[in-house]
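Being a predicted model, the structure only gives us computed values, none of them experimental. Below, read A as the first sequence line, B as the second, and so on, with proteins coming before strands; counting in each chain starts at 1.
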Amino acid sequence: MNGDFEEKVLRIVKCIPAGKVTTYGLIARAAGNESAARMVGWILNRMKFNPEIPAHRVVNRNGMLTGKWHFETPDLMASLLISEGIPVKNDRIDRFKSYLWIPELNHCE
DNA sequence: TCTTTGACGCTGA
DNA sequence: ATCAGCGCCAAAG
């Protein structure tokens, strides 16, 4: 029962489709702990050297790129998203809702 | 140990 | 629309 949450979080993040994004809160919910959105960010922070984890596709509930300062350069996160076809304006995803991908645990095996 | 600090999110004023 | 306050819980000092 321990590390289970982290494992689920990583599995979910890994299957976020290119060209889509999701949020810390939705991941936390799909992983079984709705109130652990902060922990999701903390886990990703530790995984930032793992290329398997597309952490740039995770934003906060407003579509803001709050995690950009944790990448190698502050512009990297926006660059990656833009290269996947997601419009970013002032550290925020434009028409955020239309790019939102809602994770479901049973969806990504 | 206790305190502060967050890649967050909800509620209420 | 904006803003403070709170719950969450792991890590660092």
Side-chain angles (χ1 to χ4, degrees):
Chain A
M1 298 305 186
N2 171 26
D4 191 37
F5 179 72
E6 175 170 335
E7 183 191 340
K8 288 177 181 172
V9 167
L10 296 178
R11 180 159 32 122
I12 291 166
V13 173
K14 275 194 276 190
C15 68
I16 302 173
K20 288 286 181 180
V21 295
T22 193
T23 74
Y24 302 97
L26 290 174
I27 292 171
R29 191 182 68 182
N33 189 346
E34 188 171 3
S35 56
R38 287 187 111 138
M39 300 303 102
V40 174
W42 171 71
I43 291 168
L44 291 180
N45 185 29
R46 293 172 45 219
M47 292 294 120
K48 67 179 153 187
F49 296 114
N50 187 337
E52 290 273 298
I53 311 295
H56 61 282
R57 298 188 188 133
V58 185
V59 297
N60 78 351
R61 73 170 176 121
N62 299 311
M64 302 196 309
L65 280 53
T66 48
K68 62 178 288 193
W69 304 108
H70 298 269
F71 287 78
E72 301 179 43
T73 68
D75 295 331
L76 183 57
M77 186 173 185
S79 299
L80 290 170
L81 290 174
I82 290 171
S83 71
E84 294 181 354
I86 298 175
V88 177
K89 186 137 199 178
N90 284 359
D91 296 343
R92 173 155 186 192
I93 296 175
D94 193 29
R95 303 193 312 285
F96 169 56
K97 216 172 170 181
S98 59
Y99 295 96
L100 180 60
W101 178 79
I102 297 174
E104 292 176 30
L105 205 47
N106 36 1
H107 232 204
C108 30
E109 286 299 335

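In this structure, A/E34 places its CD atom 8 Å from P of B/dC10, rounding to the nearest Å. The CD1-C1' distance, from A/I93 to B/dA7, rounds to 13 Å in whole Å. For the pair A/R57 CZ and B/dA7 C1', the interatomic distance rounds to 17 Å; values are reported in whole Å. A straight line from CE of A/M64 to P of B/dC8 spans 8 Å, rounded to a whole angstrom. Per the geometry, CZ belonging to A/R46 stands 15 Å off P belonging to B/dA7, to the nearest Å. We find that NZ of A/K48 is positioned 13 Å from P of B/dG6, with the value rounded to whole Å. Following rounding to the nearest Å, A/N62 (CG) and B/dA7 (P) show an atom-to-atom distance of 16 Å.
Within a 6.0 Å sphere centred on CZ of A/R29, other residues, nucleotides and ligands contribute 12 heavy atoms or fewer. Counted within 6.0 Å of CG on A/N62, heavy atoms from surrounding residues, nucleotides or ligands total more than 12; the atom is thus considered enclosed.
Residue A/I27 holds its CD1 atom at 14.0 Å from CE of A/M39, rounded to the nearest 0.5 Å. Rounding to the nearest 0.5 Å places CD1 of A/I12 at 11.5 Å from NZ of A/K14.
A/R46 has a carboxylate O that lies under 4.0 Å from a charged side-chain N of A/E6, or vice versa, which qualifies the two as a salt bridge.
For C/dT2 and B/dA7, the C1' atoms lie 23 Å apart once the distance is rounded to whole Å.
Taking every heavy atom of residues 66-83 of chain A and every atom of DNA chain B, pairs under 4.0 Å involve A/T66, A/G67, A/H70, A/F71, by number.
There is a path of hydrophobic side-chain contacts, each under 4.5 Å, that joins A/W101 to A/I53.
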| message | Could you walk me through whether A/I43 and A/F5 satisfy the side-chain contact (heavy atoms from CB on, under 4.5 Å) test, starting with their C-alpha distance in whole Å, then the side-chain angles of each, then the deciding distance to 0.1 Å, before giving a yes or no? | response | CA-CA 10 Å; A/I43 291 168; A/F5 179 72; 4.1 Å; yes
| said: Evaluate A/E84 against A/K20 for side-chain contact (heavy atoms from CB on, under 4.5 Å), listing each step before the verdict. | reply: CA-CA 8 Å; A/E84 294 181 354; A/K20 288 286 181 180; over 6 Å; no
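Backbone-only contact: A/N60 has heavy atoms under 4.0 Å from sugar-phosphate atoms and none from a base. Contact annotation for A/A28: no contact, since no heavy-atom pair falls under 4.0 Å across all strands.
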Check nucleotides 1-8 of chain C against the protein and report each pair of N or O atoms closer than 3.5 Å, with its distance, or say if there are none.
from, atom 1, to, atom 2, distance (Å)
C/dG7, O6, A/R38, NH1, 3.2

Using a 3.5 Å cut-off and no angle test, enumerate the donor-acceptor pairs between side-chain atoms of residues 67-77 of chain A and protein atoms at least two apart in sequence or in another chain.
from, atom 1, to, atom 2, distance (Å)
A/K68, NZ, A/D91, OD1, 3.0
A/K68, NZ, A/D91, OD2, 3.3
A/T73, OG1, A/L76, N, 3.4

